[in-house]
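Everything on this sheet refers to the single structure shown next.
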Amino acid sequence: MSHAFVKSERLQKLPPYLFAEIDRKKKAAIAAGKDVINLGVGDPDRPTPRPIIESLQKNVEVPSYHQYALDQGAPELRQSIADFYQRRYGIALDPASEILPLIGSKEGLAHFPLAVLNPGDISLVPDPCYPVYRSSSMFAGADVYTMPLVPELGFLPDLDAIPADVYARARLMFLNYPNNPTAGMADRAFFEKVVALAHQYDFVIAQDAAYNEMYYDEPALSILEIPGAKDVAVEFHSLSKTFNMTGWRVGFAVGNPAIVGALGQIKANTDSGIFTAIQMAAKTALDQYEILTPPIRDMYRQRRDAFVDALGKAGWKVKSPQSTFYVWIPCPAGVSSADMAGRILEEASVVLTPGLGFGRTADGFIRAALTVETPRLLEAVDRIAKLKF
Ligand SMILES: Cc1ncc(COP(=O)(O)O)c(C=O)c1O
């Protein structure tokens, strides 16, 4: 090539990758032989439950599963998702038109704006958030309008603060409850209000329910439980955290058939389905949801209680999360999240994620993921407690 390569404008417009500095420090600490405790990544440490592994082992032997999975989801998996939804949420879904298996929920969330947004439309995106909502909206040429999530409002966006002319141009609103990174939960009244606004202003709701099955007391709601939601909403689910299956890449979208169908059309032009043996293993997981998930929830509950209790004894006032495996820790006054995470990594060899990486609103917080065993969590608190801020 005679000229230097220039990245596409859509890539150039992306905000800088704010975890790069922490990544660099983490690798340096590991290379220096430090005993690093990694609470930085939302990736379950325990293995996938046995019945799901055995299902994959069996299904990998079926020759027809070795071919392209062209049905946009095996009919058996679609039916299993419909049955799960009926049992868990009391909602009937049509397996043929209201359910779409995904190569992990990230894949669906990343493609969704291409099905919904035109250049110049507004995409309403929470801050902090899983970064994919913002980048995928930008890839679709949309203008991103930021909805701050603050503790005073329970990490729900202030829907009344969004100007009418913004709502008028909005075609998509991303939501994520239970929330990463704040662990906020949406109640019925909030979902009702969003659904009413979506009807009034004619926008689509993408509710990311990746953590819906990781609750501790009150089960998390499906937005589709709200009357009228199916006209305007699609909900994204993931088997990743629910069943310790992040590497397997399987999730699903449910909701309005026209909108789910539009996402299916993008996918038909993009991928060729999920390996059918994995789809059958996902079916096994969902069919055994009631057996497989309570021990996982109990394990995180026990870790959460130990970690939050130890932080409290060390003088850190932290709210105990009611869902997700994230603890959202306020930084001491005047300390930025990047400085705090940087010092904790350098001086205590504990990896935490600075809130700023999820959005500007979150600079006063750092996130801990409960993805190591309890003794290591307690060791992490011991080390952090020795630091002075
Ligand atoms: C809020 C949120 N949504 C979606 C995902 C993606 O999950 P999946 O493994 O299903 O792609 C994650 C993963 O961390 C997440 O935190």
Side-chain angles (χ1 to χ4, degrees), residues 17-19 38-46 48 52 73 77 81 84 99-113 125-137 147 149 155-157 172-186 205-215 220 222-223 234-254 263 267 270-271 273-275 278-279 281-282 285-286 289 293 296 300 321 323-328 351-355 357-359 362 365 367-371:
Y17 179 61
L18 286 160
F19 302 130
N38 190 355
L39 312 182
V41 192
D43 197 346
D45 54 314
R46 295 267 181 106
T48 305
I52 306 172
L77 175 57
I81 293 168
F84 161 72
I99 293 175
L100 182 64
L102 301 169
I103 310 169
S105 64
K106 182 179 187 180
E107 178 266 308
L109 291 160
H111 283 133
F112 193 58
V125 175
D127 180 317
C129 75
Y130 185 54
V132 171
Y133 316 147
R134 183 174 286 270
S135 55
S136 62
S137 297
M147 304 186 292
L149 307 184
F155 302 109
L156 300 171
L172 177 60
M173 178 188 280
F174 276 103
L175 294 174
N176 166 218
Y177 293 102
N179 185 255
N180 173 17
T182 68
M185 287 182 87
I205 302 165
Q207 151 59 6
D208 178 354
Y211 297 93
N212 253 40
E213 311 315 327
M214 206 187 268
Y215 59 81
S222 163
I223 198 169
V234 170
E235 190 159 79
F236 291 84
H237 287 259
S238 171
L239 278 75
S240 288
K241 321 285 162 128
T242 310
F243 297 101
N244 302 337
M245 289 175 78
T246 47
W248 296 55
R249 311 313 302 133
V250 57
F252 55 91
V254 293
L263 176 58
K267 283 174 59 57
T270 308
D271 65 68
I274 312 164
F275 180 27
I278 289 183
Q279 296 194 58
L286 290 170
Y289 167 83
T293 59
I296 296 176
Y300 289 125
S323 57
T324 78
F325 56 10
Y326 300 121
V327 181
W328 193 228
V351 184
L352 299 169
T353 308
F358 301 100
F365 291 87
R367 190 192 76 177
L370 301 170
T371 48

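Every number for a ligand or one of its atoms is a count from 1 in the order of the listing.
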Report task. Anything under 30° is parallel, anything over 60° is perpendicular, the rest tilted; go ahead and classify Y289 against F243. Result ->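 It falls in the perpendicular class, over 60°.
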Heavy-atom contacts with [X] under 4.0 Å: which atoms of ligand 1 show up? List them by number with element.
X: N176; result: 1 (C)
X: Y211; result: 1 (C), 2 (C), 14 (O), 15 (C), 16 (O)
X: R249; result: 8 (P), 9 (O), 11 (O)
X: Y133; result: 1 (C)
X: G104; result: 10 (O), 11 (O)

Quick look: E107 vs ligand 1, heavy-atom contacts under 4.0 Å, and the answer is neither
Contact check: [X] vs ligand 1, nitrogen or oxygen atoms, below 3.5 angstrom:
X: S240; result: yes
X: S238; result: yes
X: S105; result: yes
X: Y130; result: no

In sequence, state the C-alpha distance, the side-chain angles, and the governing distance for T182 and F358, and then conclude on side-chain contact (heavy atoms from CB on, under 4.5 Å).
CA-CA 10 Å; T182 68; F358 301 100; over 6 Å; no
Handout entry: H237 vs T242, side-chain contact (heavy atoms from CB on, under 4.5 Å): CA-CA, chis, key distance, verdict
Key = CA-CA 10 Å; H237 287 259; T242 310; over 6 Å; no
Using modelled atom types and a 3.5 Å cut-off, is there a donor and acceptor pairing between side-chain atoms of [X] and backbone atoms of [Y]?
X: T48; Y: N244; result: yes
X: Q207; Y: S222; result: no
X: R367; Y: G40; result: yes

How far is atom 2 (C) of ligand 1 from its nearest protein heavy atom, and which residue and atom name does that atom have?
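Protein heavy atom with the smallest distance to atom 2 (C) of ligand 1: D208 OD2, 3.3 Å.
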Starting from atom 14 (O) of ligand 1, which protein heavy atom do you reach first, and at what distance in Å?
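The closest heavy atom on the protein side is K241 NZ, 2.7 Å.
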A quick test of your reading: do over 12 heavy atoms of other residues, nucleotides or ligands sit less than 6.0 Å from NZ of K106? no
**Prompt:** Could you walk me through whether W248 and I52 pass the side-chain contact (heavy atoms from CB on, under 4.5 Å) check?
**Reply:** CA-CA 11 Å; W248 296 55; I52 306 172; 3.9 Å; yes
